[in-house]
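Okay, so here's the structure we're looking at.
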Protein chains: 2
Amino acid sequence: MVKLSDVAARAGVSVSAVSRVLSGDPSARVSEATRERVRKAAAEVGYHPNFAGRALKLARTDVIALIVPDLTNALFAELTRGVEDAAVARGCVMLLARSEVMQPGGKMFDRLVGEGRVDGIVLQPRDGTDPDELARTVGERATLVTIHHRIPGASSVVVPDALAARRATEHLIALGHRRIGFAGGLTASPTAQRRVEGYREALLEAGLPGDPDLITWHGYREADGEASAAELLALPQRPTAIVAANVNAAVGVLAEAQAQDIAVPDDLSVVAIHDAWTAEHTWPPLTCVRMPLYELGRTAVTALAEAIDGGPVTHRTVDDPEPVLVPRASTAAPAS
Amino acid sequence: MVKLSDVAARAGVSVSAVSRVLSGDPSARVSEATRERVRKAAAEVGYHPNFAGRALKLARTDVIALIVPDLTNALFAELTRGVEDAAVARGCVMLLARSEVMQPGGKMFDRLVGEGRVDGIVLQPRDGTDPDELARTVGERATLVTIHHRIPGASSVVVPDALAARRATEHLIALGHRRIGFAGGLTASPTAQRRVEGYREALLEAGLPGDPDLITWHGYREADGEASAAELLALPQRPTAIVAANVNAAVGVLAEAQAQDIAVPDDLSVVAIHDAWTAEHTWPPLTCVRMPLYELGRTAVTALAEAIDGGPVTHRTVDDPEPVLVPRASTAAPAS
DNA sequence: AACAATTGCGCAATCGTTTGATCAGTAGCT
DNA sequence: AGCTACTGATCAAACGATTGCGCAATTGTT
């Protein structure tokens, strides 16, 4: 591994000079001729600053961790890209981890923050995580930004959930649906709460009755979508359309409809909040409301960087671009 | 951040003694009484060894990187779990990256290995990567284990692709199919080559003719599966069953069949190589051949650890557990 | 021409950990 | 008592990069 002193020897200067030149210290007093020789020498031997030495001296690793509940979820693809792009733009490396193994309070989380392996963490808490307990276990030890959730003492970033649910519902209303079901996440999930709120607003505004039976709280996974659909389709007065709180749940809704021989979209329209490539390949392809997840990731990194630099705790909502409806084949006017 | 000297002061001993006790140095000559005091002090102040200091001294980070083409692919879930479990068992942290941003030869890859951020890398090359070029850009700079591919000079681990394809094909033959299509990956992909080989073996053994028209080479993504299905279903003598080289491609096959109003499994059976939770939620649920991807991940870490410790380059095939057929609803006896 | 200010660069301490060398004290042996 | 052998613990030198400070040499000022 080529080090600073190798470059220094080759350029015929001291290590300090090399360090200053290569790190671009503006207050460094080094002649342009020397700078040139140093840069040339560094390039020739292929110098890269040793990570450990640098981290030790600077007490900074330029690593940020992104912890999500489930890496395989297509929804995290956009988020991950956003976080990674923003991290790279700041010269950081992104360390990605599943929250299953990287539970706050867990051994691995301890290592991450306790051993000073990361400068900060972007965390999407799992559904059902208690915010207060999370705040307690993280405490002062790590710089944290949460997404989709707010916990005391940490910055957070969310997407306009209510607006997205509203757009989805409005789309169905515009098509002529009057009995619209909602397949939501867990009751405890603040995201789910915001979404059902948007759904209710849209109904209210259209002068439609809000039947509580039409709202289910199962969760965000396929199986949860199936359960929601089963519940809604068993209703004496079955809905003609369903807003699913998430693409995965929507896939479950489609599966349950298929299993019950209910044609989509002829007998049942389905619209999902969030978009992902998986939505294009279901049958029928899913109408979605696309959320600014890429920007969510970027914003989270911005918030994290500010917090690391000692900035105040902030709570942001990503509202650009707005949630937008992506019409596909799973929605149509009701049959009747 | 509490450090060694803090623990030492609290226990009333030198830092060296603390270091030796806590790192469990067997050759250390420290009395049991002192050991106890040190451990107690460390626990009381919540000591974690500083990552940077340790890495600097030991020239080892205990971080391994896993680089895959696409994080959102459900197939990587098992692999990732395997790598992570094995890494944790060795006291390592896993850094996960998309190969898109972490291309060997790219800036980020350079930082990873050049700055000494990782001890080694488990890499799944993207389809179409030239092995020789990969070997050249990585060179001596990083300890590497590739999965699914072999490149000169690096250890590798693969799964029994031929056997899996063979099991899938045998399943269809047992159901009574005689005209079986193959929706393969890219021709350049060695994985795809091995799979088509297994497919051919099964046909041969059953005494069925191997029609080259029945083999397509589009790729592993949904769209590729659709293209493969379109090609196969347009054949004058259409196959009654298709072996898809991968779950995602199989989803594409299902979508294309739906689009053409071809009923699965009544008019067309579909079996996918690999299993993933997504396969349970397609319509109809996909019959799959489950591959030992978790073990692939574990084995890759074992191979990497050996290579890091200076062991020889090895090439392994994970053959325990064997590929096993998971029957679901997408396969049945042919209609005729 | 004398002095101050500035430029260009190197010295050496520092970050936290590990580890070979060292040293004082005690026990064992003759 | 005199010697060796061992025990229990400390000292100090690394690892590689950063940075405040100091020291010449040069330039600028009067």
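Heavy-atom basis, side chains included; hydrogens, waters and symmetry copies ignored.
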Among D/dT19, D/dT10, C/dT14, which nucleotide sits nearest the side chain of B/Ala17?
-> D/dT10
Look at B/Ser16 and D/dA12 and indicate whether a side-chain polar atom (N or O) is within less than 4.0 Å of OP1 or OP2.
-> no
Return no unless some side-chain N or O of A/Thr34 is found under 4.0 Å from OP1 or OP2 of C/dC9.
-> yes
Name the closest nucleotide to the A/Leu58 side chain, picking from D/dT19, C/dT19, C/dT17.
-> D/dT19
Starting at atom CZ of A/Arg37, determine the distance to atom P of C/dG8, rounded to an integer number of angstrom.
-> 13 Å
What integer distance in Å separates A/Arg54:CZ from C/dT17:C1'?
-> 20 Å
Side chain of A/Arg111, backbone of B/Val93: donor and acceptor closer than 3.5 Å?
-> no
So, B/Thr317 side chain and B/Asp319 main chain: donor-acceptor pair closer than 3.5 Å or not?
-> no
Separation of atom CG in A/Asp6 from atom P in D/dA17, rounded to whole Å = 9 Å
Given C/dA21, C/dC9, D/dT18, the nucleotide with the shortest approach to the side chain of B/Arg20 = C/dA21
Here the distance between atom P of C/dT18 and atom CZ of B/Phe51, to the nearest Å, is 13 Å
How would you label the contact of B/Ser23 with the nucleic acid (heavy atoms, under 4.0 Å): base, sugar-phosphate, or nothing?
-> nothing
Residue closer to the 5' end of DNA chain D, B/Gly53 versus B/Glu32 (nearest nucleotide) | B/Glu32
Give a yes or no on this: more than 12 heavy atoms of other residues, nucleotides or ligands lie within 6.0 Å of atom CZ of A/Arg37.
-> yes
Hey, does the side chain of B/Asp119 reach the backbone of B/Thr61 with a donor-acceptor pair shorter than 3.5 angstrom?
-> yes
For A/Asp25 and C/dC9, give me the distance from atom CG to atom P, rounded to whole Å.
-> 14 Å
Give the rounded distance in Å between these two atoms: CG of B/Asn50 and C1' of D/dG16.
-> 14 Å
Which of C/dG10, D/dA9, D/dC15 is nearest the side chain of B/Leu56? It is D/dC15
Kindly point out which of D/dG16, C/dT17, C/dG10 is positioned nearest to the side chain of A/Ser14?
-> C/dG10
Whole-Å distance between D/dT19 C1' and A/Leu22 CG?
-> 15 Å
Between C/dT17, D/dA17, C/dG10, which nucleotide gets closest to the side-chain atoms of B/Tyr47?
-> C/dT17
Quick one: does A/Arg29 reach the base of D/dG20 with a side-chain donor-acceptor pair under 3.5 Å?
-> no
Determine whether more than 12 heavy atoms belonging to other residues, nucleotides or ligands lie under 6.0 Å from atom CZ of B/Arg98.
-> yes
Among C/dT19, C/dT22, C/dC9, the one nearest B/Ser19 by side-chain distance = C/dT19
Using whole Å, report how far CZ of B/Arg60 lies from C1' of D/dC15.
-> 14 Å
Looking at A/Thr302, A/Val145, A/Thr146, which hits side chain to side chain contact (heavy atoms under 4.5 Å, CB included) with A/Ser155?
-> A/Val145
Give A/Lys57 one of three labels, base, sugar-phosphate or nothing, depending on what nucleic acid heavy atoms sit under 4.0 Å from its own.
-> base
A/Met1 or B/Arg35: which one's nearest nucleotide on DNA chain D is closer to the 5' end?
-> B/Arg35
Given D/dA17, D/dG8, C/dC9, which nucleotide is nearest the side-chain atoms of A/Val30?
-> C/dC9
